[in-house]
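Below you'll find the structure, written out as structure tokens, and then a few comments.
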There are 2 protein chains.
Amino acid sequence: MNINQIAKLAGVSPATVSRYLNNGYLSEEKRQAIAKVIDETGYIPSTQAQTLRTKKTKIIGVIIPKIDSDSISQVVAGIGEVLNEKGYKMLLANTDNHDEKEIEFINTFKQNIVDGIILLGTTLTPKHKKVLKDLTIPYVVLGQQTDISTCIFHDDYTAAYELTDYIINKGHKNIGYIGVTEKDIAVGVNRRKGFLDALEKHNIKLPAKLIKTGSFYMDNGYENAKALLSQNKNIDAILCATDTIALGAIKYLNENKIKIPGDIAVAGFGESKSSSILSPSLTTVHFYYRDCGIEGATFLLDKIAKPDIPDKAMKLGFEIIKNQSV
Amino acid sequence: MNINQIAKLAGVSPATVSRYLNNGYLSEEKRQAIAKVIDETGYIPSTQAQTLRTKKTKIIGVIIPKIDSDSISQVVAGIGEVLNEKGYKMLLANTDNHDEKEIEFINTFKQNIVDGIILLGTTLTPKHKKVLKDLTIPYVVLGQQTDISTCIFHDDYTAAYELTDYIINKGHKNIGYIGVTEKDIAVGVNRRKGFLDALEKHNIKLPAKLIKTGSFYMDNGYENAKALLSQNKNIDAILCATDTIALGAIKYLNENKIKIPGDIAVAGFGESKSSSILSPSLTTVHFYYRDCGIEGATFLLDKIAKPDIPDKAMKLGFEIIKNQSV
DNA sequence: TTGTATGCGTTATCAG
DNA sequence: CTGATAACGCATACAA
């Protein structure tokens, strides 16, 4: 079933049917005739052919580092909400934390199959930037600050600074830190810097063995909590770069009957769903993930509609969630 | 940049370039000439035009009820793994638990834009079945049993039966149940039936006010735990249809200083990430979510390649995770 | 082994 | 307001 057959059945030209489908610049009479035929036949226009002509797919590519993460799924939910509402679809690509795959996906996407790209960034290597700059379709970066395009990110530095300040004011001085790779500027660098600067403000010197780095997964927290405790007998708090990592640390502490926060205080970032259910509940930072997705998608669609609107960098706020673990 | 220009630059016909791109039925000489031009120009064939000709998009539509769920994101991760490997892309549609939206998405998808559909089912109404049956492209249903197509699902009934049996054998007799809508056969009906049958085996009669129903979200657990406790003074255990619901119940119990499992035992389904970190850790059921996604995607791609392979129904196993909350 | 010609289903242009 | 016609970029039957 195609537009020609519909035209024939309705006694009009294909062009008129096309008008009916789009602008709708035709007489009431023909409109009804066409409507009737389409209703009877259940005709659906070919998206491919439309795309071939219009160069618009109404599909947005979304690249994420992993799917089973509380924070990321919230961002994706926010994106999906906007896209849905505006009649766009979402092509989801999961890199499983392999950053070369991001480049691969961007290259796949630019093969005319998406109208725009949303990159939920972890690392932005020079190679990434090169590929992105060569992109002719609009894109936004979420979660990382960058000057190459519009980005919407969180105030990781201040969040870490204030959270650390809070922990210190609660009487903790020997604070261990479990972070992630510095290739991730937002989570790896900024959160750690906020932590260190807050310590400095309080004139606390940190021995190197109180700082650990690992993956984004729970076992990082588990293993490095173990390492921190065995290497630092005076340690009285652990700050983890993400809630997931904090969960791993808590698991280790629980298994070894170490009391939280009595023996060791623990805090994380991201306000994962379980943070409020744990006992003691986890002190953490609320970021506006859903809003991040909504803002990003909204801007991207705007940009697609009006390519000349200027790029922007948008920093979102945060909220310290003061729970029982500190 | 299109195939004609490449052909001109390489001094061959467009058809030859097309052959180079596909079967590759040409002389070494021309092959190299074309390769050189493509390399220099960075030419990428138009997916749309290819699709318009071949009717293949290499895109699979995946419809899910919500994204921010441990279990669903695992299934999606499994699907993504397979699709990636086979050069397919994933169009993700999130219904936010509105089942009419599923139908909407199926209708959108069948507009020639996907080669197949994976439906992560919650409810399969007659309307759903009608729309699915009309579908001309292959599809599979995950998480629900159905006879209209290939489905891969979990043994919810036996899991609930054995888990309940375990709870009873641990000395609990006044067990409350917090479930979900019966429109969801797998989670709403089968888990509850397994629960009730296990009680019956032990000759335990259950007053109606020990059974509650609500949403898939934490507040269902929270509110209904409150209701159960206020209405049943002898209650000594609560079985929840999902871990998320159990987390809500635990939150209520914690807030009211009710000891788990001393005063009330709690169990759930799905082995959410936090289940092992909670203290006490949550007794739950491990389902093979990732495998479900992998199996589903693999079968779907097989079906696309060979449309005449027969449909099948595949029931996956489970494992009771005996933790401290019971 | 290669090239020519045609059509996939739609939209845009332009004349009527 | 409407219709004929020409693209969009590619793959394939067929001829060479």
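Letters go in sequence order (proteins before strands), and every chain restarts at 1. Side-chain atoms are counted along with the backbone in the values below, which use heavy atoms only and exclude waters and symmetry mates.
Atom C1' of nucleotide dG7(C) and atom CD of Gln48(A) are separated by 16 Å, given to the nearest angstrom. For the pair Gln32(B) CD and dT2(C) P, the computed distance is 12 Å after rounding to whole Å.
Residue-level contact check: Pro45(A) touches the backbone only, with heavy atoms under 4.0 Å from sugar-phosphate atoms and none from bases. Residue contacts for Asn22(A): at a heavy-atom cut-off of 4.0 Å it reaches the sugar-phosphate backbone alone, with no base atom in range. If you check every strand for non-hydrogen atoms under 4.0 Å, Leu26(B) touches sugar and phosphate atoms only. Within the 4.0 angstrom heavy-atom criterion, only backbone atoms of the sugar-phosphate kind lie near Tyr43(A); the bases stay farther away. Contacts of Ser46(A) with the nucleic acid, taken as non-hydrogen atoms under 4.0 Å apart, involve only primed sugar atoms and P, OP1 or OP2. Among the atoms of the strands shown, base atoms are found under 4.0 Å from some heavy atom of Ser18(B). No contact: Val17(B) has no heavy atom under 4.0 Å from any strand.
Out of dG3(C), dC10(D), dA12(C), the shortest distance to the side chain of Ala15(A) is found at dA12(C). In this structure, of dA11(D), dG3(C), dT11(C), it is dG3(C) that holds the atom nearest to the side chain of Thr16(B). Closest contact between the side chain of Leu21(B) and the listed nucleotides dG9(C), dA11(D), dG3(D) involves dA11(D).
Relative orientation of the His154(B) and Phe287(B) rings is tilted, given thresholds of 30° and 60° on the angle between their planes.
Comment: Lys101(B) does not engage Glu104(B) in a salt bridge, judged by the lack of any side-chain N to carboxylate O separation of less than 4.0 angstrom. A salt bridge does not link Asp302(B) to Lys306(B): none of the charged side-chain nitrogens sits closer than 4.0 Å to a carboxylate oxygen.
In this model, a side-chain donor or acceptor of Arg53(A) finds a partner on the base of dA7(D) within 3.5 Å.
Remark on DNA chain C: of its neighbouring residues Leu52(B) and Glu28(B), the 5'-side contact belongs to Glu28(B), judged by nearest-heavy-atom nucleotide.
In terms of modelled atom types and a separation under 3.5 Å, the side chain of Asn22(A) and the main chain of Ser18(A) share a donor-acceptor contact. Not one N or O on the side chain of Thr150(A) forms a donor-acceptor pair closer than 3.5 Å with the backbone of Val140(A).
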